[in-house]
2 protein chains.
Amino acid sequence: MVTIDDVAKRAGLSKSTVSRVINDYPHVSIKKKEKVFEAMKELGYVPNSSARSLRNKKTQMIAVLIPRIMNPFFGQLAESMELQAAKHGYQLLICQTMYSKETELKHLELLKMKQVDGMILTSIENEWDVVKEYLSYGPMILCNEFEEEATIPTVKFDQVHGGYVATKHLIRQGHTKIAYCTGGQKSNVGQHRRRGFDLALEEFHLSFDERHGFYDAFSIEDGIRIFKQINQMPDPPTAVFTGSDEVAAGIITGAKEYGVKVPEALAVIGFDNQVITKLMDPKISTVEQPIPFLAKRAVEVMVDRIHHKGNDEEVYEYPLELIIRESTVSPIRAVE
Amino acid sequence: MVTIDDVAKRAGLSKSTVSRVINDYPHVSIKKKEKVFEAMKELGYVPNSSARSLRNKKTQMIAVLIPRIMNPFFGQLAESMELQAAKHGYQLLICQTMYSKETELKHLELLKMKQVDGMILTSIENEWDVVKEYLSYGPMILCNEFEEEATIPTVKFDQVHGGYVATKHLIRQGHTKIAYCTGGQKSNVGQHRRRGFDLALEEFHLSFDERHGFYDAFSIEDGIRIFKQINQMPDPPTAVFTGSDEVAAGIITGAKEYGVKVPEALAVIGFDNQVITKLMDPKISTVEQPIPFLAKRAVEVMVDRIHHKGNDEEVYEYPLELIIRESTVSPIRAVE
DNA sequence: GATATTTTTGAAACCGATTTCAAAAATGAC
DNA sequence: GTCATTTTTGAAATCGGTTTCAAAAATATC
């Protein structure tokens, strides 16, 4: 392995000088600088990153905690963040919690070990009181998920508004019995969406039938299962608000199997605006979350915090936009 | 920051002894061992990972090069690898090349810098002659993609067979004019699939019309575009072999738009067996690649190579399985 | 040309762990 | 209790960089 000492010897200089050249410090004569470059090239020298990290107390790595890569929302978030991090000279360490508290805690240790310069949390499995203990070990920010009482930078979507516009759209289509169907009702993201949902109902003086609440919906399979439950109800809902496009796709798939027409007999709205919304028949109405913007800002804020710029009270909120397609628009039922 | 010296001082011992306890070395009396554990706990000590890496010359990190996370095939591969790597005590550094030669080269430097203990290549953008130069800097293996002349461990699918069974299936359904529609014809994965495709045609004494070859198909949009091209042909194919489920989904979506019936007027077969195949109407016939097995073996081989176990000639090949659904099975056309 | 000032350079300390080597302590054999 | 052997322990070297500090060299000032 070629070390800085080898380069120094070859160039006939001290390693201090070589180090200065590597880091582009001033006070090195052009002659010697060239000698160093020549020696580096001849030997194919590249600085050892562990040694650099140890001395600089910076690893140039940022960890991002996501539930799992194959969740399209988090996958896209991770992809965008990786590209953005690279632009800032950082590696992104993608850590999957797989929805497990223990796994999340294990990943949080990375901050203690100084293996990463900072940590971006996109979901939280443990109680905030547990997670916040790690704040003293390095910069942490929230992205997507959030905590009311957390005093760390937060980059999020306006989930209340997202839940509100989606629900209002369903109501405007003439629906009064709307099912609510999401995963992780514990999360604040989920709670805010629910608040938006409730807000819309209130505005139109509608009430919610608790039997129409499903809080374990994550996947396509969950959507299919839930459709079956809905289909057996004596007084079924005529519309479903879902927390993800996958769940919406599942419900539509289930409906097709049982010959229930979407949107005529059952309107379904998704969330995220994943590609699948444009492929399903009918195309799925949904709420778009501008993920790349969120990712970009999150990485920027993280990099700032690593360099002690910005402050812990920063909160950035991005708007969500309703996208109307076919799965909610029934000519029979339309009010306006 | 709490260091091993702080722990040593607190326990009234030397850091050598503390280090022995941390690494569970023998020859430490039970009494002192307990003292060390107590001190570590009181101080909340965790070893600094950069320091460890520098001294051990091991970072416990493996890099995996993939084109991009949002490509479902590579996303699933990355997800499976991450979980498997964690089991072996390794972090997985997911590096997206975004199909760029330069980005790939930049990531390869990680091996030079000793930032990772090894590298798994799942796709190759540069010429192999360029890539192989990095072999001297650390262990590298191929997973999914492969190179005939490469002398490094390879974990792959039997793509020839995959292309063959899919094509044979189409032929058996009575098709004689089959379009071929993939991305990256440069890759060996693609070439082997094509070989399987050609093999099946030969077997049934069919010829291939070069106007039915599309080699720039990666995404759903590409599929839609290609359908339009096919639809305008004077003598169009009656079946399409595609390199991914997304492209197949795109073609089907395009066909729907133009009122062309799948599979009656156009049979379409996908590749990968992604969830989308079960959601589309018609459900997409496809070739399943057992990604988790591939990922598991790749990580195992990588870990072995890091510990100088195994050898560079290892090649593991996994079979691909045809999955027949609706997009290729037309009652009108069936031969058998 | 002597002196003051600035620029350039290298020796040595340092980052936080692991490992070697030799000394100290404990144990065993008689 | 003495000597040989084994176990336990710590001082110091090491990994490969960066940074400090002081000395050397170059330049400026008069």
Side-chain angles (χ1 to χ4, degrees), chain A residues 1-37 39-40 43-61 89 109-117 137-138, chain B residues 1-37 39-40 43-61 89 109-117 137-138:
Chain A
M1 192 194 193
V2 184
T3 73
I4 196 171
D5 281 299
D6 300 326
V7 176
K9 204 166 287 173
R10 176 111 188 182
L13 293 162
S14 73
K15 59 179 185 170
S16 321
T17 302
V18 176
S19 177
R20 284 190 190 97
V21 173
I22 293 169
N23 296 286
D24 201 26
Y25 283 169
H27 304 311
V28 180
S29 66
I30 297 173
K31 245 183 170 170
K32 315 245 156 137
K33 201 180 262 188
E34 275 168 1
K35 260 191 184 166
V36 170
F37 277 131
M40 291 204 297
L43 297 171
Y45 169 76
V46 172
N48 178 294
S49 82
S50 301
R52 280 193 130 166
S53 296
L54 175 59
R55 179 65 221 216
N56 291 338
K57 294 178 173 297
K58 287 270 156 20
T59 60
Q60 298 297 114
M61 292 210 297
E109 292 286 315
L110 290 172
L111 210 51
K112 257 193 194 173
M113 306 190 304
K114 298 286 168 203
Q115 184 156 136
V116 296
D117 295 341
Y137 300 109
Chain B
M1 191 195 195
V2 183
T3 71
I4 198 171
D5 281 299
D6 299 326
V7 176
K9 204 167 287 173
R10 177 110 185 183
L13 294 161
S14 74
K15 59 179 182 169
S16 320
T17 303
V18 176
S19 177
R20 285 190 192 98
V21 174
I22 293 169
N23 295 288
D24 201 25
Y25 284 169
H27 304 311
V28 180
S29 66
I30 297 173
K31 245 182 169 170
K32 314 245 156 139
K33 199 179 260 189
E34 274 169 2
K35 260 190 183 169
V36 170
F37 277 130
M40 291 205 296
L43 297 171
Y45 169 77
V46 172
N48 178 294
S49 81
S50 301
R52 282 193 129 165
S53 297
L54 175 57
R55 180 64 223 219
N56 293 338
K57 295 176 173 299
K58 287 273 158 9
T59 60
Q60 299 298 115
M61 291 210 298
E109 292 287 315
L110 290 173
L111 210 51
K112 257 194 195 173
M113 306 190 302
K114 299 285 168 200
Q115 183 156 136
V116 295
D117 296 339
Y137 299 108

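Lettering follows sequence order; numbering is per chain, from 1.
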Engineer: Indicate yes or no: at least one non-hydrogen side-chain atom of A/Met40 is less than 4.5 angstrom from one of A/Ile22.
Structural biologist: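 Side chain of A/Met40 against side chain of A/Ile22, heavy atoms only: contact under 4.5 Å found.
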Engineer: Whole angstrom is fine here: how far is it from CG in B/Asp6 over to P in C/dC15?
Structural biologist: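 Distance check: B/Asp6 CG to C/dC15 P gives 11 Å.
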Engineer: May I ask you to test the A/Asp6-A/Lys9 pair for a side-chain heavy-atom distance under 4.5 Å?
Structural biologist: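 SC-SC contact between A/Asp6 and A/Lys9 ruled out.
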Engineer: In whole angstrom, what separates A/Lys35's NZ from C/dT9's C1'?
Structural biologist: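 Spelled out: NZ on A/Lys35 to C1' on C/dT9 is 13 Å.
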Engineer: Can you name the closest pair of heavy atoms from B/Ile4 and B/Lys15 and give their distance?
Structural biologist: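 Minimum heavy-atom contact is CD1-O, 3.7 Å.
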Engineer: Take the C1' atoms of the five end pairs on each side of the helix from C/dG1-D/dC30 to C/dC30-D/dG1, derive the two axes, and give their angle rounded to 10 degrees.
Structural biologist: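 For the helix from C/dG1-D/dC30 to C/dC30-D/dG1, the axes at either end differ by 30°.
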Engineer: For B/Lys32 versus B/Leu13, what's the shortest heavy-atom pair and its separation?
Structural biologist: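 So the two residues come closest at CD-CD2, 3.4 Å.
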Engineer: For nucleotides 10-19 of chain D, read 5' to 3', which letter fits each nucleotide if B means a protein heavy atom sits under 4.0 Å from the base, S means only the sugar-phosphate is that close, and - means neither?
Structural biologist: BBBBBBBBBB
Engineer: Let me know the distance between NE2 of B/His27 and C1' of C/dA26, rounded to the nearest Å.
Structural biologist: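 After rounding, the reported distance stands at 14 Å.
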Engineer: Which heavy atom of A/Val2 sits nearest a heavy atom of A/Tyr45, and at what distance?
Structural biologist: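 Of all heavy-atom pairs spanning A/Val2 and A/Tyr45, the closest is O-CD1, 3.6 Å.
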Engineer: Is it true that, when you exclude B/Lys112 itself, more than 12 heavy atoms of the residues, nucleotides or ligands shown sit nearer than 6.0 Å to its NZ?
Structural biologist: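 Atom NZ in B/Lys112 is crowded, with more than 12 foreign heavy atoms closer than 6.0 Å.
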Engineer: Walk me through it: do B/Thr3 and B/Asn48 pass the test side chain to side chain contact (heavy atoms under 4.5 Å, CB included)?
Structural biologist: CA-CA 8 Å; B/Thr3 71; B/Asn48 178 294; over 6 Å; no
Engineer: Please tabulate, one pair per line, all N/O donor-acceptor pairs under 3.5 Å involving side-chain atoms of residues 52-60 of chain B, not counting sequence neighbours.
Structural biologist:
| residue | atom | partner | partner atom | Å |
| --- | --- | --- | --- | --- |
| B/Arg52 | NH2 | B/Asn23 | OD1 | 3.1 |
| B/Ser53 | OG | B/Ser49 | O | 2.8 |
| B/Ser53 | OG | B/Lys58 | O | 3.4 |
| B/Asn56 | ND2 | B/Arg52 | O | 3.4 |
| B/Thr59 | OG1 | B/Met61 | N | 3.3 |
| B/Thr59 | OG1 | B/Gln115 | O | 3.1 |
| B/Thr59 | OG1 | B/Asp117 | OD1 | 3.1 |
| B/Gln60 | NE2 | B/Gly89 | O | 3.2 |

